[in-house]
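Step one of this worksheet: look at the structure below.
Naming convention: chains lettered A, B, ... in sequence-line order (proteins, then strands); numbering from 1 in each chain.
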There are 2 protein chains.
Amino acid sequence: MRHANPPARSVAKNSHGFYRVKNLTKSRSEFAELLGRTAQAFGLTPSVGQIYGLLYLSAEPLSLDEIAESLDLSKASASIGTRQLESLHAVQVSSKNDDRRDYWEARLEPQEVLQKMMSTVLAPRLANAHDRLEGLLERMEAEKNSGELSSPEFTVCQQRIQQLITKTNQFKTWLPLIERFVK
Amino acid sequence: MRHANPPARSVAKNSHGFYRVKNLTKSRSEFAELLGRTAQAFGLTPSVGQIYGLLYLSAEPLSLDEIAESLDLSKASASIGTRQLESLHAVQVSSKNDDRRDYWEARLEPQEVLQKMMSTVLAPRLANAHDRLEGLLERMEAEKNSGELSSPEFTVCQQRIQQLITKTNQFKTWLPLIERFVK
DNA sequence: AGTTTGGTTTAGAAAATTCTGAACGCAGTT
DNA sequence: AACTGCGTTCAGAATTTTCTAAACCAAACT
């Protein structure tokens, strides 16, 4: 764990030598950390998950500075994290009158976040994998012809890669169904 | 990239100063690397994916040394990797007469590997998350009573965590269905 | 025009992860 | 009983990932 789990309303010294108050209760920061680890399981960074966790349990939209301070993150991380969450449709930004700051709040439907991730992350990867497999198949044929790859070995490779391509195609057709399921 | 992508049938100097031949064609080691990155997306290490990729395109079962040499991995990594793949039912081990070595081969049904991962990795995590959320809810109530958390804020937190618990429960019931889908 | 305030970018620091060499244990062999 | 060959373990090295500080840009205000 990079940041020690701070006690509720703890006071900590930041890198400028000033003391500051983080007004998160223990259980709220625990929740943020839980989401941090969950995010990692989805290939996101912990801080992104923590930010979503913080906003998810916040009654009011929060500014970038509030996010950074509450989670003991740099403003840079908070900025990058919120933008990434925005691109995943997991949070939205708004503004108040006479206040130039951005205020962030969580979208409360995690299913839609998941769905968005499926279509924006998983689907393109699948397509990419498919293309690479096709390309591989061609180059393998060339290797067979040049004698680098023996004919029986080529047969095995070809067959198995072909099977894999078929499977990814199947999965591609199932994806929208699964998305609907999750929703 | 940790290991430079070796040209087919290249000769490389290993750490003992000996020269050795890696008899993987370029496209086969590319396939292994592709699976290495795919494995990472599933929370496994690259080497585990590479090993599976190597075995998946191998006509014959391979020994630990052959795996290590082909992928330019240490024997230690090969050992750990194969055992992990075995626990995921992704590979199986066999032995030959008059040969004490283990020989490894891929199971050719990636769907079953996925299914296994769902039940052995995803399901327990879900259960764990569920328990932690329940615990959190209790501790939050305590925080409300001690005045650390204001009553309106508690209401928001309670409501949203409860929603999340409901969602994870739903997902738990869908999981077997999705598993069947993938299969 | 200069200053302040808020968000973004980026080089490199810090931390976490992954891999390796060397040592070990165990079987079968000499 | 020493030796050899194989798989495993584990401390710490190498690498990758994640985060931060500092510089920067842009808009609003003086």
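Residue order along DNA chain D, read from the 5' end via each residue's closest nucleotide, puts A:Thr45 first among A:Asp98 and A:Thr45. Residues A:Gln40 and A:Asp65 both approach DNA chain C. Their nearest nucleotides, taken by heavy-atom distance, put A:Asp65 toward the 5′ side.
A donor-acceptor distance shorter than 3.5 angstrom exists from the side chain of A:Glu66 to the backbone of A:Ser63, with no hydrogens or angles considered. Judged by distance alone, with hydrogens and angles left aside, the side-chain atoms of B:Thr120 form a donor-acceptor pair with the main-chain N or O of B:Lys116 at under 3.5 Å.
Between the side chains of B:Tyr56 and A:Gln163, at least one donor N or O sits under 3.5 Å from an acceptor N or O.
We find that CD1 of A:Ile80 is positioned 10 Å from P of D:dT20, with the value rounded to whole Å. Counting to the nearest Å, the P atom of C:dC24 and the NZ atom of B:Lys75 are 16 Å from each other. Between A:Leu71 atom CG and D:dT18 atom C1' there is a gap of 15 Å when expressed in whole angstrom units. D:dA27 atom P lies 17 Å from atom CG of A:Asp99, rounded to whole Å. What separates CG of A:Asp72 from P of D:dT18 is a distance of 19 Å, to the nearest Å. We find that CG of B:Leu44 is positioned 13 Å from C1' of C:dT17, with the value rounded to whole Å. Going from atom CD of A:Gln84 over to atom C1' of D:dT18 covers 12 Å, rounded to whole Å. In this structure, CD of A:Glu33 is placed 11 Å from P of C:dA16, rounded to the nearest angstrom.
A sub-4.0 Å separation between OP1 or OP2 of C:dT8 and a side-chain N or O of A:Arg83 is present. Contact check, B:Arg100 against D:dG7: no side-chain N or O comes under 4.0 Å of OP1 or OP2. Of the side-chain N and O atoms in B:Ser63, none sit less than 4.0 angstrom from OP1 or OP2 of D:dC6. Distances shown here put every side-chain N or O of A:Ser77 at or beyond 4.0 Å from the OP1 or OP2 atom of D:dC19. At D:dA21, none of the side-chain N or O atoms of A:Ser74 fall inside 4.0 Å of OP1 or OP2 (strictly under the cut-off).
Nearest nucleotide to the B:Leu73 side chain, out of C:dT20, D:dT8, C:dT8: C:dT20. The listed nucleotides are D:dC19, C:dG6, D:dT9; the one nearest the side chain of A:Pro46 is D:dC19. Of the candidates D:dA21, D:dT9, C:dG7, D:dA21 carries the atom nearest the A:Ala76 side chain, counting heavy atoms from C-beta on. Side-chain atoms of A:Arg101 lie closest to C:dG7 of the nucleotides D:dG7, C:dG7, C:dT20.
Residues A:Glu30 and B:Arg132 are paired through a salt bridge, judged by an N-O separation under 4.0 Å between the basic side chain and the carboxylate.
For the atom pair A:Leu44 CG and A:Leu35 CG, the distance stands at 11.0 Å (nearest 0.5 Å).
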